[in-house]
Colleague: 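Questions regarding the structure given below will be posed in turn.
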Protein chains: 2
Amino acid sequence: MQDKITKLFKAIADPTRRDIFHALVIATSALSITQISSQFDISRQGVTKHIKTLEEAGLVNINTNGRERFCNANAKPLKEVSKWVEFYSQFWDNSLQGLENYLNTKDNE
Amino acid sequence: MQDKITKLFKAIADPTRRDIFHALVIATSALSITQISSQFDISRQGVTKHIKTLEEAGLVNINTNGRERFCNANAKPLKEVSKWVEFYSQFWDNSLQGLENYLNTKDNE
DNA sequence: TTAATACGCAACTTTTTGGTTGCTTAACGT
DNA sequence: ACGTTAAGCAACCAAAAAGTTGCGTATTAA
């Protein structure tokens, strides 16, 4: 399909998925698909799809117990997003300093 | 359409758009649409569309001069992404500490 | 053992997205 | 003045995404 970082960015680009992820992070215990569904206005299948996307992005871990699948949030992959953003933080001030820093530190080719 | 933060997340979710944005950040001067197009394998119209998306996300500023439109990157909106990620950084270690911190600091309702 | 629950899978629909081409308009260079 | 260049607009297309419903299956509770 697409590279890992793109999967991650796409996963968090959808507002419903961000909400689901947030709910899982905040939850004091793992939540089943049905439990998640009950908190959202979309069908259970819709939730299942979102969970799958989040899982493929590494943001959710699933633990099957009997007929239930308990979902946990895993925020670690967001480190990648943080790293991506961090590079651009040197350009936040809109001055040329950021670019100068960049040009000075990269290997002269 | 959709809320600002979602526009921003969607803007950076596309790999081509991330590349265009990067090229603009790195560029030592503003680039016209045609100049950008020459660096990518998609048509000029394709680039125009991506630029529009980036502009709507606030990540690109455009300065029209005659028949040319010069594009500058503006990394500032990425602060929002940084803020979003930062909240979850307390959960990176996968321990319960993050959740405890969250529960302790939020207003008890 | 039978009914209810939790879920996956598959098919389908609608909307969005990423991209294209064709045409027009405005600005330059000569 | 005239050809060339820069770009917008609109229509179009294909693929992906977001969501649905229907159905089958495994697990649990009665």
Side-chain angles (χ1 to χ4, degrees), chain A residues 1-24 27 29-73, chain B residues 1-24 27 29-73:
Chain A
M1 197 237 221
Q2 52 202 357
D3 59 300
K4 206 149 204 271
I5 190 82
T6 298
K7 264 192 197 174
L8 182 56
F9 275 114
K10 293 223 163 162
I12 60 174
D14 183 84
T16 304
R17 264 189 312 262
R18 284 201 304 280
D19 288 348
I20 291 176
F21 176 69
H22 190 81
L24 289 176
S29 66
L31 299 179
S32 71
I33 302 285
T34 302
Q35 284 173 328
I36 298 167
S37 309
S38 70
Q39 299 185 35
F40 293 88
D41 248 3
I42 56 176
S43 70
R44 181 178 54 81
Q45 283 312 315
V47 170
T48 295
K49 277 198 177 182
H50 282 311
I51 287 292
K52 196 176 181 184
T53 304
L54 288 166
E55 194 191 10
E56 282 173 6
L59 292 168
V60 161
N61 292 326
I62 301 181
N63 207 295
T64 302
N65 189 317
R67 61 185 162 178
E68 289 174 292
R69 281 158 46 88
F70 291 100
C71 305
N72 276 295
Chain B
M1 196 235 223
Q2 51 203 356
D3 59 301
K4 207 148 204 273
I5 190 82
T6 297
K7 266 191 195 173
L8 182 56
F9 275 114
K10 293 222 163 163
I12 60 174
D14 184 81
T16 303
R17 261 185 318 257
R18 284 199 305 278
D19 287 349
I20 292 176
F21 176 70
H22 190 81
L24 289 176
S29 67
L31 299 180
S32 71
I33 301 287
T34 303
Q35 286 174 324
I36 297 167
S37 308
S38 70
Q39 299 185 36
F40 293 89
D41 248 4
I42 57 176
S43 70
R44 181 177 54 81
Q45 283 312 316
V47 170
T48 295
K49 277 198 177 183
H50 281 311
I51 288 291
K52 196 176 181 184
T53 304
L54 288 167
E55 194 192 9
E56 283 174 5
L59 292 168
V60 161
N61 293 326
I62 301 181
N63 206 294
T64 302
N65 189 317
R67 61 185 162 178
E68 290 173 292
R69 280 158 47 87
F70 291 101
C71 305
N72 276 295

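Here is the naming used below: chain letters follow the sequence lines, and residue numbers restart at 1 for every chain. What you are looking at is a predicted structure, and each value in this text was computed from that prediction instead of being measured.
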Colleague: Could you grab the distance from atom CG of A:Asn61 to atom SG of A:Cys71, nearest 0.5 Å is fine?
Modeller: 9.5 Å
Colleague: What's the CZ-C1' distance between B:Phe40 and C:dT20, to the nearest Å?
Modeller: 18 Å
Colleague: When rounded to the nearest 0.5 angstrom, what distance separates CG in A:Leu24 from CG in A:Leu54?
Modeller: 7.5 Å
Colleague: May I have the distance from A:Asp19 (atom CG) to D:dG19 (atom C1'), rounded to whole angstrom?
Modeller: 16 Å
Colleague: Just how far, in rounded Å, is C1' of D:dG19 from NZ of A:Lys52?
Modeller: 15 Å
Colleague: Reading nucleotides 21-30 of chain C 5' to 3', which nucleotides get B (base under 4.0 Å from a protein heavy atom), which S (sugar-phosphate only), which -?
Modeller: BB----BS--
Colleague: Okay, side chain of B:Arg17, backbone of B:Lys10: is any donor-acceptor separation there less than 3.5 Å?
Modeller: yes
Colleague: More 5' along DNA chain C: B:Asp41 or A:Phe70, using each one's nearest nucleotide?
Modeller: A:Phe70
Colleague: Can you measure from CD1 (A:Ile33) to CD (A:Gln45) and round to the nearest 0.5 angstrom?
Modeller: 9.0 Å
Colleague: Is it the case that B:Asp3 and B:Thr6 place a side-chain donor and acceptor less than 3.5 Å from each other?
Modeller: yes
Colleague: Just N and O in the side chain of A:Thr34: are any of them under 4.0 Å from OP1 or OP2 of C:dT5?
Modeller: no
Colleague: Can you check the B:Ile42 CD1 to C:dT17 P distance for me, whole Å?
Modeller: 16 Å
Colleague: Per the side-chain contact (heavy atoms from CB on, under 4.5 Å) rule, which among B:Val47, B:Ile42, B:Ile20 passes with B:Ser37?
Modeller: B:Val47
Colleague: B:Ala57 and B:Lys7: which non-hydrogen atoms are nearest, and at how many Å?
Modeller: CB-O, 4.0 Å
Colleague: Output one letter per nucleotide in nucleotides 12-18 of chain D: B when a protein non-hydrogen atom lies under 4.0 Å from the base, S when only the sugar-phosphate is that close, - when neither is.
Modeller: -----SB
Colleague: How many Å lie between CG on B:Asn63 and P on D:dA7, as a whole number?
Modeller: 13 Å
Colleague: Measure the CD1-OG distance between B:Ile51 and B:Ser32 for me, rounded to the nearest 0.5 Å.
Modeller: 10.0 Å
Colleague: Please state how far atom CG in B:Leu31 lies from atom P in D:dA7, giving the value in whole angstrom units.
Modeller: 11 Å
Colleague: Atom NZ of B:Lys7 and atom P of C:dT16: how far apart are they, to the nearest Å?
Modeller: 13 Å
Colleague: How close or far is atom C1' of C:dC7 from atom CD1 of A:Ile36, stated in whole angstroms?
Modeller: 12 Å
Colleague: Going through the checks in order, is the side-chain contact (heavy atoms from CB on, under 4.5 Å) test met by A:Leu8 and A:Leu59?
Modeller: CA-CA 8 Å; A:Leu8 182 56; A:Leu59 292 168; 3.8 Å; yes
